[in-house]
Structures are given as structure tokens and as C-alpha cells.
Amino acid sequence: MIANVIVDVPAKQTDRPFDYRIPPLLADWVEVGSRVAVPFGNRLLQGFVVGMADVSEMNPAKLKEIGSVLDPAPPLTSELVKLGIWMGREYVCPSLLALQSMLPGALKAKYKRLAVLPDELDEDARGRMQQEDSGLYACIARKGYYDLLSLIEQFPASSAVLKRWMKLGWLEEQQTVSDRLRKKKQLAVYPTDVPLSPEALAQLARRAPRQLEVLDYLRDSSGPVLLSELIAALGISAGTVKGLADKGMLVIKQAEIWRDPYAGRQFKASHRLQLTSEQQAAYDTIKHAVQSGDAHRFLLHGVTGSGKTEIYLQTIEDCLSMGKEAIVLVPEISLTPQMVERFKSRFGDLVAVLHSRLSQGERYDEWRKIRYGTAQVAVGARSAVFAPFTRLGLIIIDEEHESSYKQEESPKYHAREVAVQRALHHGAVVVLGSATPSIETYAAALQHEQREAAASAAGERSERTLPSGSTPPLRLLTLKRRVMDRPLPQIHVVDMREELREGNRMMFSRRLYEGIAKRLERREQMVLLLNRRGYSTFVMCRSCGYVVQCPHCDISLTYHRRAGQIRCHYCGYTEKEPGECPGCQSRHIRFFGTGTQKVEEELYKHFPDIRVIRMDVDTTGEKGSHEKWLNLFREKEADVLLGTQMVAKGLDFPDVTLVGVIAADTVLNLPDFRSAEKTFQLLTQVAGRAGRHELPGEVVIQTYHPDHYSVEMAAKHDYSAFFAREMRHRQSGLYPPYSRLALITFSHPDIPVLLQTGERLIHALAEQGVSEVRTSGRVEVLGPVASSIPRIKDRYRFQCMLKYRHEPRIPEKIRAATDSLDEWLKKHQVQLSTDMNPQVML
DNA sequence: CTCCTCTATCAA
DNA sequence: TGATAGAGGAGG
């Protein structure tokens, strides 16, 4: 048998399967999806088996054998292998990267090269090695082998000797492939298979009562017990247990432990809540779709607080009872303990949770629960869309408009697109949930609705059967009302230009100021949002106008007062806060713009007794700190939760009655065609944090653009009006959904190289038939132009945007074009990457 | 990506 | 003639 293997080299030239013979000993172990170690060139590499064949096209003499199989069962399913290859094509990236991104980091290969003394080496050779370089020899001889790289490091002068020894055969090189991480092992105590004789027990009772206690404990607990647990429970020493092991009355051995990030936490079981009629209708439709066993897509458009999560929970429950599995995607930011708790309390140990705040080991074990264990529901951020289920029935994407579903590194995939691909394979249902759907999603849903309406008006039965493999239509389910018919909070828009004109120079408008004072008096809570961390956004000299910039990026530095530093938010560059202007040495250097740190300081200035929790990247760096702050806020240990967008999403606190947006314009001013959409979504989401329970809520939005439609429509809770207005904007600029985009970015330390690269790229694209064809409106090639942040980490960045409509096979053509530039790119060390359907234009 | 080979070029 | 650097290509 032959295995087709994709090897662990992330380069264009090797992005294809290589054939290997499967040795008879491994025949039962190699499957599609297996992770194997294979000889490649003169190295030993990890690889993924992507196919099996009886014969190879290759000359059989040239075939090498698979070295070993790295896992007892294949970590990838054949479906995921197929998906990885699809991703490679669709997102113009090496399939290897796609396959790797499906697995927990613990399974990323770690390579070692060892220098080994051959067993059969004669005394004579050993003697001569000893004589030639005693230090080097001693180091290797101690264990018989030693890590090659650290040898070279420790004995830099001996590298020539080392090389010669290897040539002479006195040393052999051995390469290994291993995981990043081991399965966690701990000593555990197992009962013996043979029943214990009554005499022996009687003897124990007399001579060693403590040992008898151990046996009793072991008998009462079904199965093995951890040694540490036994010692703690009975207050004995390890010696007591060891004594029993010596007598053969029990066995102590290493047992594999599954780390559980939620161990020791009690989750109160919860049950189905009564659904409103709107919820019930949506639920019924989704449930029938899951039952049908065909791929379906739904957009669940429900206002904040309309009870989307309960619908998710109940449909998952039905999905499980049909013997199928479910994936729930949640934006990283809202994967809060609250969210996890809802799933844990409904499904208990059937849930595996995957997010970035788990340690590598914890994530690995949660993943193994899905692949080999008991989990039937996966809740997690973007990459959980790859949960290795085999009977997938339902994929839910909550807050589907969130940009975090798009991975910004290669493979630049969108979880929404991957979900559809998986649903097609499994005949599963995809549910996109949001109060503020992305324009593209909503447009697709409306288009389907309109087609249905037209079809029924014409008296036709709507077409239900689709050509297999094509994306199913997106059906719209709407929840217009909040549960318990609670009103949406009242939103006040404050024009900050007006405030200034009337002499208020504070960062708080009078309305917000009074709101805060009132809440403090009433002991209610508040959420304040400012989408900028740090203290100020830029540092400028008032004498000469000099703005302090990052020396490596074209971006101004942000002042962080607590640390007394100015920092670059792109490359992490840090310097001490300047006391004088670096340009003209004037003392008139000032900090402009407002960040969360400054808001915090102002709050304390105006309300001395106020208790503020600030949440941004700077305060939530540590593991678990996110959770810690939210718990403090829940326990009413603070009046204000102040933060960047991480406070806008998914939080639910009963006593929050005021939400304040310090500056609604931060996102609006970004040079991105989605900035209005992002603003509308952010405002609507954060407004939804108020008045979710008995107490009514109030929202204050401060802005310099009170007339902008994104602000106006958000204040009126009018998604439809916003959508209609935004669609006109998209149409006039031919932006998505009126077109599709592909962004090719390339970077280099020198601008002339980039200019030449740009010319070659345009030429290469034209050769593939991708060139400016404005007349037919098929493809538009924009650029190359400098990116909106022209330099990051000392590399200038240029980009080329393709805007196309009905142009088929664009990824294929881009790949062909960029492949033809390969030589040039390699020679000049130009980095180039392609982003299909980019979410951020920066 | 990394290693190997081939070729051009230069100094002895 | 041999050494060396750089480009090009292969890797099963």
C-alpha cells in the first residue's frame, strides 16, 4: 500500500502529497488522517496522510517508507483532510497550514537531532575519541547520546571534530519527531485482578490496619484511584501504599490524566425554559431542518435580549437526542464564564470548551474529549469550527457579524464559510445568530426571502432540492421582541460639539455626568465603553507640531500613564515618556486623545468615591483575570465597568442601568468601507447591555457625528433602516455584497522593490486573465498602493485589491499569478500574502 | 523550508 | 587547480 503524505514544510513547492510505502508492520495503523513521521530529503519530518492508493505513479525504487505513526488513532477525520485541501485552494495557502490549524498546538511537531554512539563501536575508536576531545566525548558517552544542537552550542570549538566523527561512523545522527506536550501522567493505584485471600486480609487487619483501610477505600471506589488522592483522603504516607504494592495486593502505575479546566466547579443543572411564540417558531423550523439530514442555513435575527441562546440550547438538545453532535461558535471576547456556564449547566460533561485562555495542555485534553472521548457539544472560538466530530448535525455561529470569525493569519479562513463546507458534508444545519447581522449575511437572507415570495406569487412551489455541493439558501428567522416583552433601552445621542460650544470641556457630557451621579446615588451599575486603550492616542509638541511616532511603524505612539511609557500598539515598541519634545526640546509636549486609562482617572477626579474596574488588553493579560474582573463586577464590588469593546459583547448583569459610549466616532473614522457597519453593531451591542432585567436601562452615546446614519439608526434600534441606507453606500462603491474582494499584500524594507513587485504582480495577474475589465464590470484591479498603515516593523507594505463579480476561479488565478512571481519574491525576500474576502482593509 | 548540486568566478 | 559563493532545484 501507498500513502499520500503532506509533509511539514510550509512552502509552495512542497504543498502537494508525496508518496510513501506503508511497511507491513504499520499497515493496520496508517489511515487517511494519520499523523506520521516520514524521511524527507535527509530529514525526518511530520506529515499528514491525505490519501491511500494501491500503486504509485512514482518509480517504486524511489519510494521511501513511512517511519512511524505518531498517534494510536488518526487525529484528523477524512472529512477534515478533505476540508483542509479545499481550504488550501480556496484561501490560497499551503494545505499543510490548514490541516495544522485544525489540531491543538500540542500536536505541532517538535524535532530533535541526536548524536548517538553506536552500540557496536569498538574500544579502539572510543579511546581515540577520548584522546581527541575528552570533554565532547564525555558529554556524549554519559548517556550514550546527546542533543546535536546543544552539543554545537556547548562546544563551539569542536564542530569540526564532531563532523569528522560522524563521517567516520563513530557517531550516528538520529532524528526524532515528537509532540509539543505529553499526555499528563500521574501515579494511580489499581486493584489486582486476582481476589485477595482471606488469610492475607486477616493478617493485614492484625499487623497493618492502615493498609487494610487503603484496600477498603480502593474497593469502594469503582476503578483506579490517584495515589495523591488516596494519601490525602486517608491521611497516610506513600509508604503504606507502596507496602501493599510490594506484597502484590495492588498495583501502582502511571495513569493518563485528562486536564479539566472546569474541574471542581459545580454547574447547577438547568432545564428547558418556556419559549415565546416567536422563539418557538424559530426553534421548530431549525429542529425540522436538523431532522431532515440535509444541509440548511438559517439567519436567526433577534434583537439583543430576545433569547437566542435558549433556542440554541434546545435545538442542541434535540440534535443530541438524534445521535448527532453540535458545534457552537462564540466570539473569543464573549466566551465568558457566563456563556460557558449556560452550556455546562445544560449539557454537563458532554460539553468540551475550547478557547485561547486555556493552557496548551487543557486545550489538548478538551480536544481529545471531542475526538476520542465523550464530548458531543463543542463550544469555542473560531477554530472550534474544526471540532473533529463524525456525526455533526448542527453548527451555531453566535454573533455571526463579529470580525473575530475571520482568521487574520494564514490560513485566512472565515469560520462562516468553513461551517457551510462542513455542513454540506454532514447534511448538517448552520445557524447564524445576531442582533446586528453583517450586511453580506442579511443581504443573502433577504434575497432568498424575496425569491420565495416571488415564486409563491407566481404560484410555483419553491425549489427545495439543490444541486449537491452548492451552498444552501440562507433562510431568515426573526425575533422582534425581547423576552418578557422588556423594552429596549432608551438611547440618547449627545453632540459633543454642542457641549464644547456651551462651555463643557469635560470628556463627559452633562447628560452622562448626571447619569453617572444618579446611578451612584441609587447604587446601580454602569458600563462605559471607549474603544481605545492606553491613556492618550498620540503625543504632540505644541511648539513645533512634532508627533511622536514608532521608529519601526508608521503609526503614532500611545501614552500609557501607569507604566510611564509610550507604546506602539502594532509592534510592541516601548520607550519612556518624553519630558521634552524630541524635535525642538520644548517642554510643551502634550498628550492628546483619550484612552481608557484617562477615562478612569477622570472618573476618580469627578467622583472620588467611585469604584471602577478597567478592562482592556492591558488589564486582562493574565490568565483568568478577565473572569476575575467580571466576577468582582457581578458581586457589585464596583460601580463602573470601563473598557474597550470587550465590555460590549454578551455580558449580562442585572443591575446595569446605564451604558455610556464615551466616543462613538473612533471606529467611524477608520478608512474602511465597513466602518459604518462596525459602528452600528458596536453601538447596538453595547446598548443591549442595559436594562436586561427588571430595572429599565438608559444609554448615552457621545459623538461628534450625531447625524451619521450609523449613529442615528442605532439610537432608534432600527436595523432595517440602517441596512437599507448602508446597501446604497455599498452599491455606489461596488463594495460587498455587490462585489467580492481579494486583497494581495506584499511587504519589504525598501519601497523601490515594492514598486517593481507591484508592476510584476499586475503583469502576472493580467497573464492569468485577471486585469482591469471595467467595461464588462467583471474585475477591477485597484492598486498597487501603499496600505493604510504604510510601514509595520520596518517593512513597507503595499497592497493590490481585486474587486470582482462573476469572475470564476479567482483563487486559482491568484495562485497561478503569485506562483509565477515566486522566483522574484524569493530573491528579494518580499513577503506576499493573499486574503480572500478580507474583513479589515488595514 | 533545507539541503544538495551545479556553475561562475577568483586567487594561487 | 582548488576553493568558494550564489543560484536553482529537488524533496516520494
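Letters A, B, ... are given to chains in the order of the sequence lines, protein chains preceding strands, and every chain is numbered from 1. The basis for the numbers below is simple: all heavy atoms, side chains too, and nothing from hydrogens, waters or symmetry mates. These numbers come from a predicted model, not from an experiment.
- Residue A:Lys826 contributes atom NZ, which lies 11 Å from atom P of B:dT2 at whole-angstrom precision.
- Reading DNA chain C from its 5' end, the first and the last nucleotide to sit under 4.0 Å from a heavy atom of chain A are C:dG11 to C:dG12.
- Taking the six-membered ring where the residue is Trp, A:His828 and A:Trp824 present tilted rings, their angle falling between 30° and 60°.
- The nearest whole Å value for the distance from the CG atom in A:Asp8 to the C1' atom in B:dC1 is 10 Å.
- With 3.5 Å as the limit, one finds no donor-acceptor pair spanning the side chains of A:Glu90 and A:Tyr413.
- Contacts of residues 37-52 of chain A with DNA chain B (heavy atom under 4.0 Å): A:Asn42, A:Arg43.
- A:Tyr137 OH to A:Phe155 CZ: the interatomic distance, rounded to the nearest 0.5 Å, is 13.5 Å.
- In this structure, A:Glu366 does not pair ionically with A:Arg363, as no charged nitrogen and carboxylate oxygen lie closer than 4.0 Å.
- Residue A:Gln175 contributes atom CD, which lies 11 Å from atom C1' of B:dT2 at whole-angstrom precision.
- Between the NZ atom of A:Lys412 and the CD atom of A:Gln839 there is a distance of 12.5 Å, given to the nearest 0.5 Å.
- Distance CG (A:Leu148) to P (B:dT2): 15 Å, rounded to an integer number of Å.
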Item to check | Trace of the salt bridge (Lys or Arg N to Asp or Glu O under 4.0 Å) decision for A:Arg422 with A:Glu79 | outcome: CA-CA 8 Å; A:Arg422 294 202 71 184; A:Glu79 179 232 343; 2.9 Å; yes
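- Within a 6.0 Å radius of CG in A:Asp122, more than 12 heavy atoms belonging to other residues, nucleotides or ligands are found.
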Checklist entry - Just the dot-bracket of DNA chain C, please: which string comes out with Watson-Crick or G-U pairs under 3.5 Å, [ ] for crossing, | for another strand? => result |||||||||||.
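- Classification of A:Arg815 and A:Asp15 as a salt-bridged pair holds, one side-chain N sitting under 4.0 Å from a carboxylate O.
- Salt-bridge annotation for A:Arg113 and A:Glu173: present, with a side-chain N of the basic residue lying under 4.0 Å from a carboxylate O of the acidic one.
- Between A:Phe18 and A:Phe40, the ring-plane angle classifies as perpendicular under the 30° and 60° cut-offs.
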